[in-house]
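Worth knowing before you read on, the calculation uses all heavy atoms, side chains too, and leaves out hydrogens, waters and symmetry mates. In each ligand, atom 1 is the first atom listed, and ligand 1 is the first ligand listed.
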Amino acid sequence: MSCSPVELAQKNQVLILTWQRYRKAPSFENFVEFAVSLNAFTDYLIDKSITGLLHASKELEQIALSLFGDDSQHPVSDMSMQDLHDRVHTLSKLVEGYVHAADRLADRCTDKGKVGSRTTRIVYFVGHSPQRWQDLLGQLSYFGVKVIELGWGDNLPLDASPNPLIIMDTDGVSVEGWAARIKALREYHKLAQIIGLSIPSDFRLLQLALKSGADWCFPLGASLQGVVAQILEMNDPTDQEPFRVLVVEDSLTAARAIQRALEEHQIVTQSIQDPLQVLNALRQFLPDLILMDMYMPNCTGVEAARVIRQHNEFLSIPIVYLSGETDVALQVDALRLGGDHFLTKPFNQVFLNAIVKSKIERYRTLRRSMFHDSLTGLLNHTSTKTSLDAALNQAQRENGRLAVAMLDIDHFKKVNDTYGHPVGDQIIRSLAWLLKQRLRKSDIIGRYGGEEFAIGLVGADAEQARQVLDRIRGDFALIEHPYRDARFNITFSAGIAAFPGGDTVADLINAADEALYTSKRAGRNRITIAAAIQGHA
Ligand SMILES: Nc1nc2c(ncn2[C@@H]2O[C@H](COP(=O)(O)OP(=O)(O)OP(=O)(O)O)[C@@H](O)[C@H]2O)c(=O)[nH]1
């Protein structure tokens, strides 16, 4: 999460201003402006995973959208006006609370910038029997999460973070009891993230838990690792690159209006008037989606879409047509010929944004699955190599440094043979989490093969990399992996090579691999710097 309280406050200010404008002059146009800024604000909270604020913002958004209507429905009734006003006020108070926590949040963020730095997050556990969850609490501690146990009715300490993560075990409590407790926690800690444990897997009860204010629920008997994964994910939402949209539209005025609408939602745009330029623009701008006018002088939108789909690299990029056309048969035809959606002009800005974002999210998920490993979410073999190539090129251009490490879990065959493949998979995931938690965002972490990982530490020399990885090695060896009633420990070995020293990624990987095998031969659970690199240094 890139924490920017200043940015959050600015966005909230825009929302308040558009609301005040509507209150002064309650026209339909001013309501559209307010709804658009509210929608942009909600999207921002989703992007940054600011769950607590999101509840209030989404609720307000739902009410505003239900009052959208048209010219004839504005101004809204006095009662709706007052309700909206109160909600905008409540939301801005919550944002203030969040912004006041700026220092603590900023500390968390800057920490990530240091080589091998770690973050610590406090989690509150509310429940009758924390001893039942000792494995969960123990596992979390290995990943930089400190757990504070509270009794069922206890309040959070006064110095608790304004956006605490609360895990609540509902086992042994009546439905009314846990629903009321979730409600009370949500009421007092509007910015909290709340996870409910032992919630029966029943539609009505899940609905009740979510409605009462839980963000996530796990049923009785949920796998420990699933819960750990969810908590770690809520702790570290990944930063997203801004969405990019190419607008193909012959009318400059129409293109500008679309670009303005999208840019309000932090979407980066570029427009071209001539569809014959579309292939060049796709290669240079690398958009996530194309908004295509249906009727242009030299070529129709459908013809342009067909040309685009002739190219393998653009086969899956979403294309959304924009047109005044209301002929359903023609729209169906256009979609069949390579489009993903059809928006008719004049379009509702909130709807345009929602369509564009949902299409891009699906497209990005698809691309992520092409470049990432499904077990760990880390880069896969091919994209690890591509990323290392790019990092090495940059280090060579800028006289920088790059350390490459190969890691391999020790005696992994024995783990599989003794505890079974699923437990083996879980060990691979644990190491992936630990690496993600300890290394910087700019570092490259890939699953190179079965139980082998390749890492690129950008800006680090071999010795710095050794120190960082040695701390991770020591901590990984301490993790107690639960198996039935017992626990066991696992280690890994690593080898490191660095630039300057090796001049191609293949050289660096080979040298790091040789050093890894030196570690293995020397008894495992250790890290070796490649001899050639030592010589070079
Ligand atoms: N559970 C699980 N096992 C895997 C996966 N990929 C590879 N393996 C197993 O990892 C084991 C690797 O074993 P080896 O290469 O012989 O080495 P090792 O037992 O780790 O011993 P050393 O590396 O010498 O310490 C094999 O049994 C593979 O089947 C995976 O995705 N999940």
Original post:
At a 4.0 Å threshold, what atoms of ligand 1 neighbour a non-hydrogen atom of Ile428?
Top reply: 30 (C), 31 (O), 32 (N)

Original post:
Relative to the heavy atoms of Asp408, which atoms of ligand 1 are at a distance of less than 4.0 Å?
Top reply: 23 (O)

Original post:
Of the protein's non-hydrogen atoms, which lies at the shortest distance from atom 24 (O) of ligand 1, and what is that distance?
Top reply: Arg524 NH2, 2.9 Å

Original post:
Between His372 and Asn380, does any side-chain donor sit less than 3.5 Å from a side-chain acceptor?
Top reply: no

Original post:
Got the closest protein heavy atom to atom 19 (O) of ligand 1, with its distance?
Top reply: Lys413 N, 2.8 Å

Original post:
Taking atom types as modelled and ignoring hydrogens, do the side chains of Asn39 and Glu61 form a donor-acceptor contact shorter than 3.5 angstrom?
Top reply: yes

Subject >> Heteroatom distance test (Lys414, ligand 1): nitrogen or oxygen, under 3.5 angstrom >> reply: no

Original post:
Quick one: nearest non-hydrogen protein atom to atom 17 (O) of ligand 1, plus distance?
Top reply: Glu451 OE1, 4.3 Å

Original post:
In terms of side-chain heavy atoms, does Asp408 have a donor or acceptor partner in Ser493 at a distance below 3.5 Å?
Top reply: no

Subject >> Short N-O contact, Arg440 and Asp443, less than 4.0 angstrom >> reply: yes

Original post:
Is there a donor in the side chain of Thr170 and an acceptor in the side chain of Ser198, or the other way round, less than 3.5 Å apart?
Top reply: no

Subject >> Structural part of Ile409 in contact with ligand 1, heavy atom criterion under 4.0 angstrom >> reply: backbone

Original post:
Looking at ligand 1, does any of its N/O atoms fall within less than 3.5 Å of an N/O of Gly424?
Top reply: no

Subject >> atom 14 (P) of ligand 1 protein-contacted, heavy-atom criterion under 4.0 angstrom >> reply: no

Original post:
Can you find a non-hydrogen atom of Arg447 under 4.0 Å from ligand 1?
Top reply: yes

Subject >> Per-atom contacts, ligand 1 versus Gly450 - under 4.0 Å to a heavy atom >> reply: 6 (N), 7 (C)

Subject >> Salt bridge present between Arg447 and Glu452 (N-O < 4.0 angstrom) >> reply: no

Original post:
Between Asp410 and Asn525, does any side-chain donor sit less than 3.5 Å from a side-chain acceptor?
Top reply: no

Original post:
How far is atom 22 (P) of ligand 1 from its nearest protein heavy atom, and which residue and atom name does that atom have?
Top reply: Lys520 NZ, 3.5 Å

Subject >> Close-contact set for ligand 1 against Asp410 heavy atoms, below 4.0 Å >> reply: 25 (O)

**OP:** Could you verify whether a donor N or O on one side chain and an acceptor N or O on the other, from Thr518 and Thr528, lie under 3.5 Å apart?
**Re:** no

Original post:
What residue and atom, counting heavy atoms only, is the protein's closest point to atom 32 (N) of ligand 1, and at what distance?
Top reply: Asp425 OD1, 2.6 Å

**OP:** Please find out if less than 6.0 Å separates the ring center of Phe492 from that of Phe453.
**Re:** no

**OP:** State, without any angle test, whether His55 and Asp215 hold a side-chain donor-acceptor pair at a distance under 3.5 Å.
**Re:** yes

Original post:
For atom 3 (N) of ligand 1, what is the nearest protein heavy atom, given as residue, atom name and distance?
Top reply: Asn416 ND2, 2.8 Å

Subject >> Minimum side-chain heavy-atom gap Met292-Ile308 below 4.5 Å >> reply: yes

Original post:
Hey, is Glu452 touching ligand 1 through its side chain, its backbone, both or neither, going by heavy atoms under 4.0 Å?
Top reply: neither

Original post:
Nearest protein heavy atom to atom 20 (O) of ligand 1, by residue and atom, and its distance?
Top reply: Phe412 N, 2.7 Å

